[in-house]
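Report on the structure given below.
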Amino acid sequence: PNDNYDVQVQTAKLNIAPAKQQLSVGNVTTPFDNEAHAATVEGVASGSTVEYSIDDGASWQADAPEYVDAGTHVYQAQVTNPNYQTETIKLSVTITPRDATILVHNATKTEGEDDPAFSGTVTGLVAADHLGTIAYGRAPKDADKQNAGDDIDLIATYRANPNYAVQVVSGKLAIVQAGSRPVDPG
């Protein structure tokens with residue numbers, strides 16, 4: 001001790017507040033392609049843990065959920081790190097129905113004969129079986145029409161699939177009189 005000085009010791013508390021991470025969200029919007037999609041959290045600091053919840057935070061999992069089917073899928077990500085504030089953010093994966101077209105082919109038959117096998121062309125499907133077995137035939141309103149010159153629509157029936165926005169382009173069946181030349185119905 002030195003008598004020339006009056007020394008007083010004071011204690012202080014240093015409080016270091018965790019920093020906020022600069023997070024951003026990589027949401028996904030894509031047409032249905034039968035592939036799994038997940039949104040991403042970007043700007044995650046080294047040493048952070050990212051967990052995901054599909055039930056509003058009731059439970060968390062390490063793997064990001066992946067979605068295949070059409071719809072808007074919203075979930076949460078929680079980013080924790082001892083040097084940063086814990087942050088919870090919303091993510092979304094939006095998968096829109098894919099456009100598909102069924103073009104029903106026109107057909108011709110002679111009056112009095114059985115209907116021919118009807119057919120069509122399908123475009124836009126990711127997998128051939130996604131609409132089930134497609135059947136081609138007369139529109140129900142035209143089922144009993146059998147006379148030459150009748151206006152007969154041909155349609156397609158298929159198994160609905162919410163992953164597709166299906167447009168059916170109907171065809172026509174032309175019935176010609178026996179002994180006459182075939183007519184192009186469309």
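- Under a 4.0 Å N-O distance rule, the pair D153/K141 qualifies as a salt bridge.
- Two residues are said to be in side-chain contact when any heavy atoms from C-beta on lie closer than 4.5 Å; F32 and H130 meet this criterion.
- For residues 15-28, the salt bridge (charged side-chain N to carboxylate O under 4.0 Å, His left out) pairs, not counting sequence neighbours, are K20-E87.
- Salt-bridge formation is detected for the pair D115/K109: a Lys NZ or Arg NE/NH1/NH2 atom is positioned less than 4.0 Å from an Asp or Glu carboxylate oxygen.
- A donor-acceptor pair under 3.5 Å is absent between the side-chain atoms of D142 and the main chain of A139, judged by distance alone.
- Side chain of N81 to backbone of S46: a donor-acceptor contact under 3.5 angstrom is found.
- Remark: aromatic rings of H73 and Y67 are close, center separation under 6.0 Å.
- Between the side chain of D55 and the main chain of A58, a donor-acceptor pair closer than 3.5 Å is present.
- Atom CH2 of W60 and atom OG1 of T80 lie 10.0 Å apart (nearest 0.5 Å).
- Without hydrogens or angle criteria, Q21 side chain to A45 main chain gives a donor-acceptor distance under 3.5 Å.
- Under the 3.5 Å distance criterion, the side-chain polar atoms of N163 are matched with a main-chain donor or acceptor of A70.
- Residues I134 and I102 meet the side-chain proximity criterion, which asks for heavy atoms closer than 4.5 Å.
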